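Right, one structure below, let's go through it.
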Amino acid sequence: MEIKKVVIPVAGWGTRSLPATKNIPKEMLPVYNKPIVQYVVEEAQASGLQDVVFVTNRNKTIIEDHFDYNLALEDLLTRTGKTDMLKMVREVAEMANIISVRQKKQLGLGHAVLCAREVCKNDPFAVMVGDDLMFSMEPGIKQLLTVAMSEHMPVVGVMEVPPDMVSRYGIIDGDEFAPGMYRVRNLVEKARAQ
Ligand code: UTP
């Protein structure tokens, strides 16, 4: 089983990041010299996920544009001899196969993933969120793909949170069957602290 597709939902409102996200999608906010979503797509690429399915909405076309050619800009950079920058902007356009689907109503992350159903069909696929950055020696999504392929089952990345933060997260209950790997028994979205 080879996993080549990654679904990246980017259709949320981003209300927690207002006012920065009043007109700019939060996925396009820069971290140093790149928008967050570019790091996510680079991580997908480095993990062998070549087909990127963005789940977007009518206000997020700037994300697809970021991964497309900008011929006017390329012309300017060519004429002014800025070859390093030209190479950089072209690389972004050639980074991945981009497929876009629309989430017409913002009904949440689960619904956004469901909007990619017709594109993914019965193929196995990964999901990455377009606004979350994780840095590690081996890309986080690659680690999850390795587990999914060896265990032949869906796998989700989790992290520990302090007890007073439990109500802000989806929480799992599980048995650790290998170091750092849990078989999930139960899952609660935004659990109440005991
Ligand atoms: P969040 O839970 O951060 O929601 O979404 P949000 O709507 O973007 O932000 P807030 O809560 O208003 O601040 C996690 C990821 O899921 C996408 C978002 O774009 C983000 O990348 N998402 C969320 C969708 O694609 N559709 C939705 O209906 C909700």
Side-chain angles (χ1 to χ4, degrees), residues 3 5-47 49-68 92 95-121 123-136 139-145 148 154-162 164-172 184 187-193:
I3 305 177
K5 288 195 175 91
V6 57
V7 175
I8 307 183
V10 293
W13 283 104
T15 52
R16 283 169 294 170
S17 311
L18 284 168
T21 49
K22 187 178 168 199
N23 283 301
I24 302 169
K26 72 175 166 181
E27 297 82 4
M28 287 301 290
L29 295 177
V31 173
Y32 183 49
N33 63 345
K34 298 179 203 171
I36 297 174
V37 69
Q38 186 176 330
Y39 290 97
V40 176
V41 171
E42 284 174 355
E43 179 179 337
Q45 271 232 306
S47 308
L49 298 163
Q50 301 150 356
D51 301 331
V52 171
V53 184
F54 281 128
V55 182
T56 70
N57 70 33
R58 60 172 59 242
N59 300 316
K60 302 273 183 140
T61 49
I62 190 174
I63 297 174
E64 294 141 82
D65 292 346
H66 182 70
F67 294 96
D68 197 353
V92 182
M95 200 164 271
N97 305 325
I98 305 288
I99 302 158
S100 289
V101 295
R102 285 261 174 124
Q103 184 189 30
K104 296 181 186 172
K105 288 182 182 170
Q106 275 52 70
L107 298 178
L109 177 56
H111 177 260
V113 175
L114 195 61
C115 292
R117 181 174 40 184
E118 292 304 319
V119 178
C120 293
K121 299 196 188 306
D123 296 338
F125 62 96
V127 176
M128 296 171 79
V129 280
D131 63 347
D132 212 353
L133 285 186
M134 269 175 280
F135 293 103
S136 53
I141 194 70
K142 193 164 187 194
Q143 295 178 38
L144 294 177
L145 290 171
V155 53
V156 61
V158 294
M159 65 178 188
E160 227 170 310
V161 294
D164 62 326
M165 302 276 274
V166 160
S167 59
R168 295 205 209 165
Y169 292 89
I171 301 291
I172 64 146
V184 176
L187 187 105
V188 180
E189 172 61 350
K190 308 228 164 62
R192 249 177 288 146

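One is the number of the first residue; the rest follow in order along the sequence. Indexing begins at 1, ligand by ligand and atom by atom, following the structure's order. None of the values given here were measured: they were computed from a predicted structure.
Residue Glu27 has at least one N or O atom closer than 3.5 Å to an N or O atom of ligand 1. Between Gly108 and ligand 1, an N or O atom pair is found at a separation short of 3.5 Å. Considering backbone and side-chain atoms together, Ser17 places no N or O closer than 3.5 Å to any N or O of ligand 1.
Contacts between Ala11 and ligand 1 below 4.0 angstrom, taking non-hydrogen atoms only, involve backbone and side chain alike. Contacts between Thr15 and ligand 1, counted as non-hydrogen atom pairs separated by less than 4.0 Å, involve both the backbone and the side chain.
The nearest protein atom to atom 16 (O) of ligand 1, hydrogens excluded, is given as Leu109 CD1, 3.3 Å; this is a heavy-atom distance. For atom 21 (O) of ligand 1, the nearest non-hydrogen atom of the protein is Pro9 O, 3.0 Å. Looking only at heavy atoms of the protein, atom 26 (N) of ligand 1 is closest to Gln103 OE1, 2.7 Å. Among all non-hydrogen protein atoms, the one lying nearest atom 7 (O) of ligand 1 is Trp13 N, 3.1 Å. Summary of contacts: the protein heavy atom closest to atom 2 (O) of ligand 1 is Arg16 NH2, 3.5 Å. Of the protein's heavy atoms, Gly12 CA, 3.7 Å lies nearest to atom 23 (C) of ligand 1. Atom 8 (O) of ligand 1 has Lys26 NZ, 3.0 Å as its closest protein atom, hydrogens excluded (heavy atom only). For atom 15 (C) of ligand 1, the nearest non-hydrogen atom of the protein is Val129 CG1, 3.8 Å.
Not a single donor-acceptor pair under 3.5 Å links the side chain of Lys5 to the backbone N or O of Asp123. At distances below 3.5 Å, not a single donor-acceptor pair connects side-chain atoms of Asp51 with backbone N or O atoms of Asn97. Of the possible polar contacts, none joining the Ser47 side chain to the Ile141 backbone as a donor-acceptor pair under 3.5 Å is found.
Distances below 4.0 Å separate heavy atoms of Gly130 from the following atoms of ligand 1: 21 (O). Annotation for ligand 1: atoms under 4.0 Å from non-hydrogen atoms of Leu107 are 28 (O). If you number the atoms of ligand 1 from 1 as listed, the ones under 4.0 Å from a heavy atom of Ala112 come out as 24 (C), 25 (O), 26 (N).
Between Tyr39 and Phe135, the ring planes lie perpendicular to each other; the angle is over 60°, past the 30° to 60° tilted range.
Within the structure, ligand 1 lacks His111 among the residues with a heavy atom less than 4.0 angstrom away.
From Thr56, atom OG1 reaches atom NZ of Lys104 across 11.0 Å, with rounding to the nearest 0.5 Å.
Each of Glu27, Glu42, Glu43 was evaluated against Lys34; a single residue qualifies, Glu42, per the salt bridge (Lys or Arg N to Asp or Glu O under 4.0 Å) test.
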